[in-house]
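Here is how names work: the chains are called A, B, and so on, in the same order as the sequence lines, proteins then strands, and each is numbered from 1.
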Amino acid sequence: MTVEHPEAAAPAPADFIRDIVAQHVAEKRYAKIVTRFPPEPNGYLHIGHAKSICLNFGIARENHGQCNLRMDDTNPTKEEIEYVRSITADVQWLIAGWADDCLGFKTSGAAGEPYFASDYFGPLYDFAVSLVQKGQAYVCDLSPKYTEAYRGAPDRPGRDSPFRTRSVAENLDLFARMKAGEFPDGARSLRAKIDMASPNMWLRDPLLYRIRHAAHHHTGDAWCIYPLYDFAHCLSDYLEGITHSICTLEFVDHRPLYDWILESLALPRALPHQYEFAKLNLGYTIVSKRKLLQLVQEKVVQGWDDPRMPTIAGLRRRGVPAAALRQFAYNIGVTKFDSLTDVAVLEHAIREQLNQTAQRRLGVLKPIKLVLTNLPADEAVMCQATNNPQDEAPTLRPVALTREVYIEADDFAEVPPPKFFRLKPGGEVRLKYACIIKCDEVIKDATGRIIELRGTADLTTRTGGPNVDRKVKGTIHWVSATRCIEAEVRLYDRLFTAAEPDADGEFLKHVNPRSLEVVTAKLEPALREAQPDGRYQFERLGYFTLDAKDSQAGRLVFNRTISLKDTWAKAPAPK
RNA sequence: UGCCCGAUGGUGUAAUGGUAGCACAAACGACUCUGACUCGUUUUGUCUAGGUUCGACUCCUAGUCGGGCAGCCA
C-alpha cells in the first residue's frame, strides 16, 4: 500500500540541538539519551507543541533513547484532569507508528500513565529542606507586593529581603510549618539565596515554594505548598534521568538558575542540561494556549477541537494526518531565530501526505442539475473510477452515469471568461470517468436564474469506447442525481484574516467571519461507507474527512481538511 | 538605560575558514480523463563598518535592527 514516503526517504534531520546530542553520543557521555516533553495541563496542545514533540521524540527515536511525557503540574489553580487526558491522547496520536516505542511510562501507577511533576512533590520537598540546611534557601515573609518591590528592575539592582539572614534552624522550622498549613496563601515563601544584585532577574533570590491552599488534580489535598517551575523542573528532569532538557527561548535566562539548583544540591548522578530553541510562529494562526483558551471561552470557535483551531485535536478532527504534522516539523527545522513560518509550508505538507493516501471520490458541493436528454430515464451507464492514481496498482470502483446528474455550479459559465475550459452553452466537456457531454440548452426561471442545463452525452467517448481518445479541454466532476447521497460538508478557511493576528494585541478583531461555510453536498454513494479515519479527495475540490464527532449513520458530516491547489481560481480573471 | 539571545532570497532553513545549496512561495512552460499530481526553466540572499586570513555566511571588534527578562504562571 502507500508508504509515508517523505519520512521514510528523507535523511535524518539535523539542527544545532541534534548536533549537540550527536556529539554527546559520539563521546559516550550518557548511557542512554533521554528527553522529555513537559506540558502544563492547563489547555490543549497546539501545533507549536507538535514541533516540540517531534523534536523531543525525534531525538529519542534517532538515538535509541527515550522521551518522557511529563505533566508539569505544579500550579493546582490552573490545571485540570481534562487537559491531562487530551494531552496524553494528542501525544500518542502524533507519535503513533513513529516514536511510540520511545515513549517512557512511569513504572508505578496505571499502565500507560504519563509522568507527573506532582508525583515528585515528596522528593522535591526533601531537596528544598536540603537547600535550607546548606544555607542556600530561606523562608521569606515579604508579601507578593513587597517581594516585587525588593526585586528591583532589569536596569536597577534589587535589595536583600530583611528575612534573608534567618538562621537555618528558623528556616527549617518555618518551612515545615508552611507545609503543615499554619500560614495563609502568600504569607511566606521559600526563596533561593543567590544574588539580589544579579543582572539576571531570575537569580535575584527566586521563589522556590509558595503557599496555596488549593486541591490539586493529581495529589488532592496532600499539599498546601507547591514548588514553582524553576525548582520543580530541573529536579524532575534529574529524577527521571533526563539528559537533554529542551525548551523554548524564553527560558534562556532561567538556565543559570536551572544549573544553580542542581549544582547546589551536590547530587550524585549525572545532571541534565537545558537547551533552548525558538518556538513556532505560524502565519494567520495564533499559537498561544492562553489566547486559544480565549477563543474557546468567548465562543469564537466551538471548542478546543474545533477544526479551525491549530490545536492537535482540532487539526486531527479537520483531517490532518499525524505524518503531515511530522513532515511539517521536519521541514521547518529547529533554530534559535524567532521566525514567522508561512502557512503554505504546513499546507504543502498536508497536501503532499494526503495526495499519496486519500481515496478519490466524486462529490458536488454546489450542485446544478444537468439533464442528458439522449439517455434513458430508468437506466444507468456503469463507469469505472480510479480510487487512487498514486497507488502503484490503482484499484477501481463503479460509478453510475444517469440521465440526470449534478455538476458543480462553478464549472458552468453562461458568459465564460477567457481561457475558461469548463462547460458553456454549446460547449463540450468530459465528465470524469464517464464521457464527453455537450451543453445544448440553459433553462432559467422567471427571474433569470439558471435552474437546469440540458445536454447530450457522447457514449462513444467512454472508456473502452471507439472515441475514447477524443480530447476536450475540460474535465469536470459530477454525481448521478438519482443515485447520490446528501451530506453536510463543512468548508473551513483560515481563522484569521491577518498574517500576524496579534501583532496589534487585538487578535479577536482579526477573526475571519467566513472561516466556516456549511453546504449540503451531493456525493457518490460509495461515501456512505466513509470511515472516521478515512481520508478522501473529492476530485478537483480538496481533501475531506468524516467528522467523527458530529456524523451519525444516515447523517454524515464531512470536514474539508484543505482544498486542492487551484491556479485557475488565483488567476485575475473576472468571474 | 542592565543582562541574555538572534540576524543568509518573499518565507523558512543549510553551508561550522575553501563553488552560497535545499524547501516553500512566485513566474513561465510541458504533461494531464483532477486547471491537482509530476516534470522542466526562471527570478530573488549572507544587516552595516572595520579587522584577522591566501581565502570570511563562518573568527574578532564596534554599530544597527529584532526578540526575551521586573508572576507567589509555565
Separation between the [atom1] atoms of [N] and [M], rounded to whole Å:
| N | M | atom1 | result |
| --- | --- | --- | --- |
| B:G9 | B:C47 | P | 7 Å |
| B:A36 | B:U16 | P | 38 Å |
| B:A27 | B:G2 | P | 47 Å |
| B:G71 | B:C57 | P | 43 Å |
| B:C33 | B:C24 | C1' | 30 Å |
| B:U11 | B:C54 | P | 37 Å |
| B:A15 | B:A70 | C1' | 40 Å |
| B:A14 | B:G67 | C1' | 23 Å |

Should the pair [X] and [Y] be assigned to parallel (<30°), tilted (30 to 60°) or perpendicular (>60°) ring geometry?
| X | Y | answer |
| --- | --- | --- |
| A:Phe116 | A:His217 | tilted |
| A:His216 | A:Tyr226 | parallel |
| A:Trp304 | A:Tyr44 | parallel |

Its 5'-most and 3'-most nucleotides having an atom under 4.0 Å from a non-hydrogen atom of chain A, RNA chain B is contacted over B:U1 to B:A74
Please classify the nucleic acid contact of [X] as base, sugar-phosphate, or nothing, using heavy-atom distances under 4.0 Å.
| X | answer |
| --- | --- |
| A:Lys432 | base |
| A:Asp338 | sugar-phosphate |
| A:Phe337 | sugar-phosphate |
| A:Thr74 | sugar-phosphate |
| A:Pro389 | base |
| A:His254 | base |
| A:Ile332 | sugar-phosphate |
| A:Lys471 | sugar-phosphate |
| A:Leu249 | nothing |
| A:Phe420 | base |
| A:Gly333 | nothing |
| A:Ala344 | sugar-phosphate |
| A:Ile476 | nothing |
| A:Asn42 | nothing |

Using the benzene-type ring in the case of Trp, are the ring centres of A:Phe251 and A:Tyr258 under 6.0 Å apart?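 For A:Phe251 and A:Tyr258, the ring centres are not under 6.0 Å apart.
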Would you please indicate if the ring centroids of A:Tyr125 and A:Phe175 are separated by under 6.0 Å?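 Yes, the ring of A:Tyr125 comes within the 6.0 Å limit of the ring of A:Phe175, centre to centre.
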Quick one: OH on A:Tyr138 to CG on A:Leu208, what's the gap to the nearest 0.5 Å?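 Atom-to-atom, A:Tyr138:OH and A:Leu208:CG are 10.0 Å apart.
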Do [X] and [Y] sit within salt-bridge range, that is, some charged N less than 4.0 Å from a carboxylate O?
| X | Y | value |
| --- | --- | --- |
| A:Glu524 | A:Arg397 | yes |
| A:Glu62 | A:Arg18 | yes |
| A:Lys193 | A:Asp205 | no |
| A:Arg70 | A:Asp237 | yes |

Comparing A:Glu40 and A:Arg255 on RNA chain B - which has the more 5′ nearest nucleotide: A:Arg255
5'-most contact on RNA chain B: A:Val252 or A:Arg430, nearest heavy atom basis?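 Taking each residue's closest nucleotide, the earlier one in sequence belongs to A:Val252.
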When A:Phe558 is tested against each of A:Tyr543, A:Phe538, A:Phe544 for ring-ring contact (aromatic ring centres under 6.0 Å, His included), which residue passes? A:Phe538
For RNA chain B, write out the stems as range with range, using runs of 3 or more consecutive Watson-Crick or G-U pairs with both distances under 3.5 Å. B:2-7 with B:64-69, B:10-13 with B:21-24, B:26-30 with B:38-42, B:47-51 with B:59-63
Is B:G9 syn or anti, taking syn as a glycosidic angle within 90° of 0?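 With its glycosidic angle more than 90° from zero, B:G9 counts as anti.
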